[in-house]
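All values reported here derive from a predicted model rather than from experimental measurement. Residue numbers run from 1 in the order of the sequence given. The basis for the numbers below is simple: all heavy atoms, side chains too, and nothing from hydrogens, waters or symmetry mates.
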Amino acid sequence: QVQLVESGGGLVLAGDSLRLSCAASGFTFSRYGMGWFRQAPGKEREVVAVISRSGSSTYYTNSAKGRFTISRDNAKNTVYLQMNSLKPEDTAVYYCAATTGGYVALRPDEYAFWGQGTQVTVSS
């Protein structure tokens, strides 16, 4: 059974940091690119960061560049999102997802497996 389980969300102040984790099971993790998406109330789900199967290539949306870092540990079947200098506009439910499309997969419909999401709330 495929599972992606996110953790690490919470309520923080603007300028704080959070590290999200996503533990994968039920599929061969190293064969999938991984992405972090987020969805704020009333908005569409959007890509935040993507990492290739090996971890050698990454992509960040403009709002995440310089503040967020995506990484993965294939030995632990886990992908991470380190978020620094958080802003109120980063408030959303954050999802991890797995794709066979490689690190250039930026659309939600390119992802086969999804986690349940973890809430990140940034207060000013």
Item checked: Hydrophobic cluster identity match, Val2 and Met34, side-chain contacts under 4.5 Å -> yes
With no hydrogens and no angle check, is any side-chain donor or acceptor of [X] less than 3.5 Å from a backbone partner on [Y]?
X     : Y      : value
Thr91 : Val122 : yes
Thr78 : Lys76  : yes
Glu6  : Gly117 : yes
Arg53 : Ser30  : no

Please report the interatomic distance [atom1]([X]) to [atom2]([Y]), rounded to the nearest 0.5 Å.
X     : Y      : atom1 : atom2 : result
Ser21 : Gln82  : OG    : CD    : 9.5 Å
Thr99 : Ile51  : OG1   : CD1   : 13.5 Å
Trp36 : Glu46  : CH2   : CD    : 14.5 Å
Phe68 : Ser17  : CZ    : OG    : 9.5 Å
Thr61 : Leu106 : OG1   : CG    : 8.5 Å
Gln1  : Ser25  : CD    : OG    : 7.5 Å

Could you tell me whether the side chain of [Y] reaches within less than 4.5 Å of the side chain of [X], counting heavy atoms only?
X      : Y     : result
Leu20  : Met83 : yes
Asp90  : Arg67 : yes
Ile70  : Val79 : yes
Asn74  : Phe29 : yes
Tyr111 : Val50 : yes

Notebook entry, point to check: Taking only residues two or more places apart in sequence, or in another chain, which ones meet Tyr80 in a ring-ring contact (aromatic ring centres under 6.0 Å, His included)?
Noted result: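 ring-ring contact (aromatic ring centres under 6.0 Å, His included) check on Tyr80 returns nothing, list empty.
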Can you name the closest pair of heavy atoms from [X] and [Y] and give their distance?
X      : Y     : answer
Ala14  : Pro88 : CB-CD, 4.1 Å
Leu4   : Ala97 : CD1-CA, 3.9 Å
Ser123 : Leu11 : CB-CD1, 4.3 Å

Notebook entry, point to check: Hey, what's the ring geometry for Tyr95 with Trp114, parallel, tilted or perpendicular (30° and 60° as the breaks)?
Noted result: perpendicular
Note to self: Using 30° and 60° as the class boundaries, would you call the ring planes of Tyr32 and Phe27 parallel, tilted or perpendicular?
What the structure shows: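 Answer is perpendicular, since the angle exceeds 60°.
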Margin query: Can you list everything that forms a salt bridge (charged side-chain N to carboxylate O under 4.0 Å, His left out) with Arg19? Sequence neighbours excluded, please.
Written below: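 Not a single residue meets the salt bridge (charged side-chain N to carboxylate O under 4.0 Å, His left out) criterion with Arg19.
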Next item on the list: Please report the C-alpha distance between Val47 and Arg107 in whole Å, then the side-chain angles of each, then the deciding distance to 0.1 Å, and finally whether the side chain to side chain contact (heavy atoms under 4.5 Å, CB included) criterion is met.
Entry: CA-CA 7 Å; Val47 66; Arg107 301 193 317 268; over 6 Å; no
Notebook entry, point to check: Does the side chain of Ser63 pick up a donor-acceptor pair with the side chain of Arg38 at under 3.5 Å?
Noted result: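 Yes, side-chain donor-acceptor contact under 3.5 Å.
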